[in-house]
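Some notes on the structure that comes next.
Chain identifiers are assigned alphabetically (A, B, ...) following the order of the sequence lines, protein sequences preceding nucleic acid strands; residue numbering begins at 1 within each chain. Everything numeric in this text was worked out from a predicted model, so none of it was measured.
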Amino acid sequence: MQLPVPTDFLLSRDVASYGYFLLEPNHWIPGTTVRSGVFNRILDLAGGPITLRISQRLGKGKPLDVTLSRKLVAGEKAELSRQVSRMLRLDEPAAVLREFHKLDPRWKRSGRGRLMRSPTLFEDVIKTVTSCNVAWPSTIRMNQRLCEVFGRGGAFPKPEIIAAQRPASLRATCSVGYRDARIVQLAKMFVSGEIDAAWFENSDIDDEAIRERLIELPGIGPYAAANILQLLGRFGHLPLDTESVRHGRVVLKMRGKSRAIMKRLACTFKPFGHHKFRSYWFELWMYYEAKRGPAHTWERDIIGKTFTAALLRE
DNA sequence: GGTAGACCTGGACGC
DNA sequence: GCGTCCAGGTCTACC
């Protein structure tokens, strides 16, 4: 099947735009050219797990070619399109990105602006929790094990499956450590409707109301809340962590204690308003690419595991 | 309102 | 190869 995309959309650039593209059940396979990369992703749809092979042979703005591992049953096509659209931010208007490029022209030439995310809010929330207080290789492992152990056919597990587990089981099989009870509790809240994805995705609700609700959730603090906000398409907050402080010190030549650097980072990116996360993130991303080559050339099973803070400090 | 310490895992390092 | 130290964000208890 084919999926239409916005005129500015470029698969290789827009998939390799956020670290989640290196986490299971996502699998980006770099090609020899910008056009030849392939994005594989397993989704758990009504008729069971299905593997998508997504490419864009004809280049920027041209439809995506999507090869499926099985035939779709009734009703699955709409759900598949919805999930792919969320993941690749196909619903983000080109006009919004033009506005971003006007505000921060550094990214106009490359066209960067879209940030890859997950097909569902549940997966984004769990991926965020698995990235807190842990080195990147451990985040990779937690997501790999969650998909292997609890995902149907290697897909990301549905909240109903995680909600039915004992925390100790999650800890023993997926190396999630003390996050076990928090992950199970979050899954239960998704299942019960206490966390209503539609409410969080509602653009009529202001950022602060969403942030306040997020920060009440188990395992979600200031950093995680700001990160989930950007995953929800709200880019006016910065998820500041030790990596931000490193960026402040190494790239922006800031001096002082961590807290002071975080305050200075907030001031530095304030002029970018409701696009500030994009400006901040692509600065970080540019640094990683300077160290490790263009993101669309990164091999998940090689570069992902060597992507440690210690190596980046070199 | 601010902060110290615990939480868990795995990489880094010293021997 | 083994043992120890440390990084990482959230949560709780305490001041």
Touch class at under 4.0 angstrom, heavy-atom based, for A:L217 against every strand present: sugar-phosphate
Member of A:E92, A:E99, A:E283 meeting the salt bridge (Lys or Arg N to Asp or Glu O under 4.0 Å) criterion with A:R278: A:E92
Close approaches to DNA chain C from residues 161-182 of chain A, in residue order (heavy atom, under 4.0 Å): A:Y178, A:R182
Protein-nucleotide distance (A:M142, atom CE; C:dG9, atom P), rounded to Å: 13 Å
Earlier contact from the 5' end, DNA chain C, for A:T242 and A:I220: A:T242
Counterpart residues, side-chain hydrogen bond (donor to acceptor under 3.5 Å, both in side chains), relative to A:E76 (two or more places apart): A:R70
A:F190: ring pair (Phe, Tyr, Trp, His ring centres under 6.0 Å) partners, not counting sequence neighbours: A:F122
Residues which pass ring pair (Phe, Tyr, Trp, His ring centres under 6.0 Å) with A:F150, listed by chain and number, not counting sequence neighbours: none
Residues, nucleotides or ligands: over 12 heavy atoms within 6.0 Å of A:R53 CZ: no
Stepwise salt bridge (charged side-chain N to carboxylate O under 4.0 Å, His left out) check, A:D65 with A:R57: CA-CA 8 Å; A:D65 300 297; A:R57 284 176 296 125; 3.2 Å; yes
Distance, rounded to the nearest Å, where A:E216 contributes CD and C:dT12 contributes C1': 17 Å
Rounded interatomic separation in angstrom, taking CZ from A:R246 and P from C:dC6: 22 Å
For atom CD1 of A:I183 and atom C1' of B:dC8, their distance in whole Å: 12 Å
Spacing between A:N133 atom CG and B:dG10 atom C1', to the nearest angstrom: 12 Å
Five-pair end axes of the helix from B:dG1-C:dC15 to B:dC15-C:dG1 and the angle they enclose, rounded to 10°: 40°
CZ (A:R106) with more than 12 external heavy atoms under 6.0 Å: yes
Nearest-angstrom distance from the residue atom CD of A:Q144 to P of B:dG10: 12 Å
Of the listed nucleotides C:dG9, B:dT3, C:dT10, the one nearest the side chain of A:R259: B:dT3
Under-4.0 Å side-chain N/O to phosphate OP1/OP2 contact, A:R141 with B:dG10: yes
Can you list, pair by pair, the side-chain donor-acceptor contacts under 3.5 Å of residues 235-242 of chain A, counting residues two or more places apart and other chains?
unit_1: A:D241; atom_1: OD1; unit_2: A:E243; atom_2: N; d: 3.1
unit_1: A:D241; atom_1: OD1; unit_2: A:S244; atom_2: N; d: 3.0
unit_1: A:D241; atom_1: OD1; unit_2: A:S244; atom_2: OG; d: 2.9

Nearest-angstrom distance from the residue atom NZ of A:K257 to P of B:dT3: 10 Å
Length of the CD-P vector between A:Q185 and C:dC11, whole Å: 12 Å
Pairing of A:E201 and A:R86 as salt bridge, 4.0 angstrom limit: yes
